[in-house]
Amino acid sequence: MNFLPVGEQLEIIRRGTTEIIPEDELKNKLQRSLDSGKPLRIKLGCDPTRPDLHLGHSVILRKLRQFQDLGHHAILIIGDFTGMIGDPTGQNKTRPALTVEDVRANGQTYFEQAAKILDPDKTEIVYNSDWLGKMSFEDVIKLASSYTLARMIERDDFTKRFKNEDPIALHEFLYPLAQGQDSVHLKSDVELGGIDQKFNLLVGRHLQKEAGLEQQVCLMMPLLVGTDGVQKMSKSYDNYIGLNDAPNDMYGKMLRVPDELIYTYFELLTDVPVQELPALKQKAETDPRNSKHELAWTITRMYYDESAADAAREHFEKTIINKEIPDEMPEFRFEAGSTHKMVHIIKEVNFAPSNGEARRLIQQGGVSLNGETIEDVNAEVTFKTGTELVLKVGKRKFGRLLA
RNA sequence: GGGGAGAUACCAAAGUGGCCAACUGGGGCAGACUGUAAAUCUGUUGUCUUUCGACUUCGCAGGUUCGAAUCCUGCUCUCCCCA
C-alpha cells in the first residue's frame, strides 16, 4: 500500500472534525504506518437499534470512507450486543433493550445503507456479541472494576438525568465499558464517533491502557444539525434526510434547511474538494438561494446520479416555485361509476392518517383537485371511465386519480 | 427494611366528582408571506360522523356513584428521604 505523506493525510482527516485526542498520537501512528506499509485499524461502532440511516450518520461514515481511501483498514462494528443495552448517550430515558434477533436483522439493513458511503469490499464487519457475549460474569466484574462511579456520573447525560430524578438503570453504566472492550478486542488504532461519543471513546482508550495495549486515538465529528436548524439530526425529532429518501424528497428537504447550515452541510456531507470550501462558504453567505440549490443537487447526485439530481431540481422548481403539477406522481385507481367523498379519498390514498385529518385539510384550504381548491368538506367525486384528476394535498403531496 | 411523592394526549405540564376529548407551552399539520426555509400572523391538532351526536382516551385491573382523569381497593413502574 502506498500511503500519502502524513501531512496530506492529516489534512483530509481533519476536515470537519471537532476534536482529535490526541492529535500527536495520530500523527505518530500515521507516520509509523507510512514507514511500515501497515494500515491503521479504524473502528466505527454503529448502533443497529434504529436502522434507518440519514445524513447525520453519513458524517461519520464519510470520515471512515476517507480513511479507507487513504488506504487504512475500516472495521464496522454492528453493536448487536451493546444494542441490547441501549446507549445512554443523549438519552433522557432508559432505552428499551432489544432482542438479539431484532438487532441482528437491523444490522444487515444498516450495512446495506452504509454501503452507499463505504467501500463495502474493504470493510470488515464484526458483531460485538461475538466477544462480549462470551464474557463470563467474572469477566464483567473485572471490567466493571476498572471504572468508578464518580467518573461514570461525570457524564453530562447521567448527571442531567440524575438531577431530573429520571431513572438510570445500572446496566447503562456497562455500555461505555462494553464499547471500550470492543476497542480492546479489536486493537483499534483510531475510533471514530460523534462528539457525543467522546466519553465512550475515551473509555476505550482507558481500557486499552489497562490491557497493556497501545491506545486508540479518538476522533470526534460534530453532530449534524437537522433540517430544523436547532437539534441534532435524528429520526425522533423528524428533522432528518434519509439516505434512502427518494431524490425528489432529498432535494426538497435539503432546500428547506435554514440558510446558516448551507456551509456546514457542504463541509460535512459532500465530496467537494477541501480547496473549494472557502469559495462555497462565501457563496453561501452572499447567494444563499443558488448556493442551497447547489448543495441539494450535489447531495442528491452523491446518493443517486446526475440525472436524478437534475430531475429533482426540475421537479422542485416546477411544483414548489412555479406551483405547477409534477410530471410524475403516484396513481390511484377507482372503480368506474363509483362515487366517493373527498375526505375518504384523501384517507384512502394515505395523504391523511384519518378522515378527521382529511376534513381538516379541506377546511384549511389545503386540498385541490385539478388546481381548484376544494371548499366543501362534503365534496364528492364520481368516477366515470376515463376520469383523470390530479389531487394535491398540502404543498407536496400529489396523486393522480384514475378510473 | 422504613417513610414520602408521583404515573395525564407526540413531549412538557394544568386539572382533584359533572361546565373535560381534557387549560397552557413546545412540536406537528394547513393557509398567508418568501428563493426554499426561518421569523411573523391565522387556523388546526383522539376516532367515527355533513351538523346534532356517538365512541375510545388521563399507568393497569376492579369498585363506589345517576355521573370519575378526579373518590376507594389491589397491582405494576418511577423518584426522593432515612437505614
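A note on names: the letters A, B, ... follow the listed sequences, proteins ahead of strands, and every chain is numbered from 1. This is a predicted model, so every value here is computed, not measured.
Between B/C20 and B/G46, the distance separating the two C1' atoms is 13 Å to the nearest Å. Using P as the reference atom, B/A7 and B/G59 are 8 Å apart when rounded to the nearest Å. For the P atom pair drawn from B/G6 and B/A14, the interatomic distance equals 11 Å after rounding to whole Å. Comparing the same atom, P, in B/C11 and in B/C60 gives a spacing of 14 Å after rounding to whole Å. B/U51 and B/A39 are spaced 33 Å apart, taking the P atom of each and rounding to whole Å. When the P atom is compared between B/U64 and B/U76, the two are found 23 Å apart, to the nearest whole Å. Straight-line distance between the C1' atoms of B/U70 and B/U65: roughly 13 Å, to the nearest whole Å. To the nearest whole angstrom, the two C1' atoms, one in B/A61 and one in B/G27, are 34 Å apart.
At a threshold of 4.0 angstrom between heavy atoms, the contacts of A/Gly356 are confined to the sugar-phosphate backbone, with no base atom among them. A/Asn355 comes within 4.0 angstrom of sugar-phosphate atoms only, judged by non-hydrogen atoms across all strands, and of no base. Among the heavy atoms of the strands, none lies under 4.0 Å from A/Glu260.
The partner of B/G27 is B/U45, by the rule that a Watson-Crick or G-U pair needs both atom distances under 3.5 Å. For B/G1, the paired base is B/C82 (Watson-Crick or G-U wobble, both distances below 3.5 Å). Nucleotide B/C71 forms a pair with B/G63, judged by Watson-Crick or G-U wobble geometry with both contacts under 3.5 Å.
Distance A/Gln363 CD to B/A30 C1': 11 Å, rounded to the nearest Å. The distance from atom CZ of A/Phe316 to atom C1' of B/U34 is 11 Å, rounded to the nearest whole Å. If you measure from atom CG of A/Asp376 to atom C1' of B/U50, you get 8 Å, rounded to the nearest angstrom. Following rounding to the nearest Å, A/Leu261 (CG) and B/A39 (C1') show an atom-to-atom distance of 15 Å. Atom CZ of A/Arg359 is separated from atom P of B/G46 by 13 Å (rounded to the nearest Å). Rounded to an integer number of Å, the gap from A/Lys253 NZ to B/A38 P is 14 Å. The distance between atom CD of A/Gln231 and atom C1' of B/G26, rounded to the nearest whole Å, is 10 Å. In this structure, the CD1 atom of A/Ile346 is 14 Å from the P atom of B/U50, given to the nearest Å.
Of the candidate nucleotides B/U47, B/G35, B/C29, B/C29 has the atom nearest to the side chain of A/Leu361. Comparing atom distances between the A/Glu357 side chain and each of B/A37, B/U78, B/C29 picks out B/C29 as nearest. Comparing atom distances between the A/Pro288 side chain and each of B/G35, B/A37, B/C80 picks out B/G35 as nearest.
At the phosphate of B/U50, OP1 or OP2 sits under 4.0 Å from a side-chain N or O atom of A/Lys341. The side chain of A/Lys397 contributes no N or O atom lying less than 4.0 Å from OP1 or OP2 of B/C29. Contact between the side-chain N/O atoms of A/Ser354 and the OP1/OP2 oxygens of B/C48 is found at a separation under 4.0 Å.
Of the possible polar contacts, none joining the A/Lys29 side chain to the A/Leu40 backbone as a donor-acceptor pair under 3.5 Å is found.
Aromatic ring centroids of A/His340 and A/Phe383 lie under 6.0 Å apart. Taking the six-membered ring wherever Trp is involved, the centroid distance between the rings of A/Tyr147 and A/Phe173 does not fall below 6.0 Å.
The pair A/Glu267-A/Lys281 fails the salt-bridge criterion, with no side-chain N (NZ, NE, NH1 or NH2) lying under 4.0 Å from an Asp/Glu carboxylate O. Salt-bridge check for A/Arg32 with A/Glu214: passed, with a basic side-chain N closer than 4.0 Å to an acidic carboxylate O. A salt bridge links A/Arg205 with A/Glu25: the closest approach of a Lys/Arg side-chain nitrogen to an acidic carboxylate oxygen falls below 4.0 angstrom. For the pair A/Arg161 and A/Glu172, the salt-bridge criterion is met [side-chain N within less than 4.0 Å of a carboxylate O].
Taking 3.5 Å as the limit, the base of B/G31 and the side chain of A/Gln364 contain no donor-acceptor pair of atoms between them.
If A/Arg360 and A/His293 are placed on RNA chain B by their nearest nucleotide, the residue sitting closer to the 5' end is A/His293. Toward the 5′ end of RNA chain B lies the nearest nucleotide of A/Lys292, the other residue of the pair A/Lys292 and A/His344 mapping further downstream.
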